[in-house]
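All residue numbers in this chain count up from 1 along the given sequence. These values consider heavy atoms only, across backbone and side chains, with no hydrogens, waters or symmetry-generated copies.
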Amino acid sequence: MNLFKRKTTWTNAEFIPLKLAIGSAYLMIGTYFHDLFQQYLIIIGIVFIATVVWSLYLWLKKMKQENQ
């Protein structure tokens with residue numbers, strides 16, 4: 001499977017879910033070191049999971065469009 005070898009083009013708007021996923025992952029990691037975000041851990045986790053799924057969906061959709 002050559003999933004990681006294929007090249008795609010992305011617009012800036014399509015990077016928003018990926019950037020949100022990465023940012024929420026940083027916040028989740030940061031909660032273990034600071035008590036400031038500890039009360040928001042569940043909300044941050046939900047945002048992380050939703051944006052990862054959204055990013056993967058957009059990526060797979062784009063890969064299918066380029067193969068046709």
Side-chain angles (χ1 to χ4, degrees):
M1 186 176 198
N2 297 326
L3 187 64
F4 296 110
K5 293 182 181 180
R6 296 184 184 176
K7 294 184 180 180
T8 61
T9 57
W10 291 75
T11 62
N12 287 334
E14 290 173 331
F15 272 122
I16 292 172
L18 182 62
K19 290 178 182 180
L20 285 173
I22 292 169
S24 58
Y26 285 141
L27 287 175
M28 281 184 6
I29 291 168
T31 58
Y32 292 107
F33 301 111
H34 299 288
D35 291 332
L36 179 64
F37 294 108
Q38 187 66 36
Q39 60 188 353
Y40 303 113
L41 182 61
I42 294 173
I43 296 170
I44 294 169
I46 291 169
V47 170
F48 172 70
I49 291 169
T51 54
V52 166
V53 169
W54 189 10
S55 297
L56 288 174
Y57 169 75
L58 289 174
W59 184 32
L60 292 174
K61 182 179 165 186
K62 186 171 282 293
M63 296 295 273
K64 285 182 182 180
Q65 286 177 353
E66 289 184 0
N67 287 337
Q68 292 179 353

Shared ILVMFWY cluster between Ile46 and Ile43, side chains joined below 4.5 angstrom?
-> no
In this structure, CG of Leu56 is separated from CG of Leu18 (nearest 0.5 Å) by 9.0 Å
So if you build clusters from Ile, Leu, Val, Met, Phe, Trp, Tyr with side-chain heavy-atom gaps below 4.5 Å, do Leu41 and Ile22 land together?
-> yes
Euclidean distance, Phe15 CZ relative to Leu58 CG, rounded to 0.5 Å | 11.0 Å
Using the rule that two of Ile, Leu, Val, Met, Phe, Trp, Tyr join whenever any of their side-chain heavy atoms come within less than 4.5 Å, decide whether Leu20 and Tyr57 are in one cluster.
-> no
Could you tell me which non-hydrogen atom of Ser24 sits nearest to which non-hydrogen atom of Thr51, and how far apart they are?
-> OG-OG1, 4.2 Å
Exercise: identify the closest heavy-atom pair between Ser55 and Pro17 = OG-C, 3.3 Å
CD1 on Ile16 to CH2 on Trp54, rounded to 0.5 Å = 7.5 Å
Value rounded to 0.5 Å, distance of CD1 in Ile44 from OH in Tyr26 | 14.5 Å
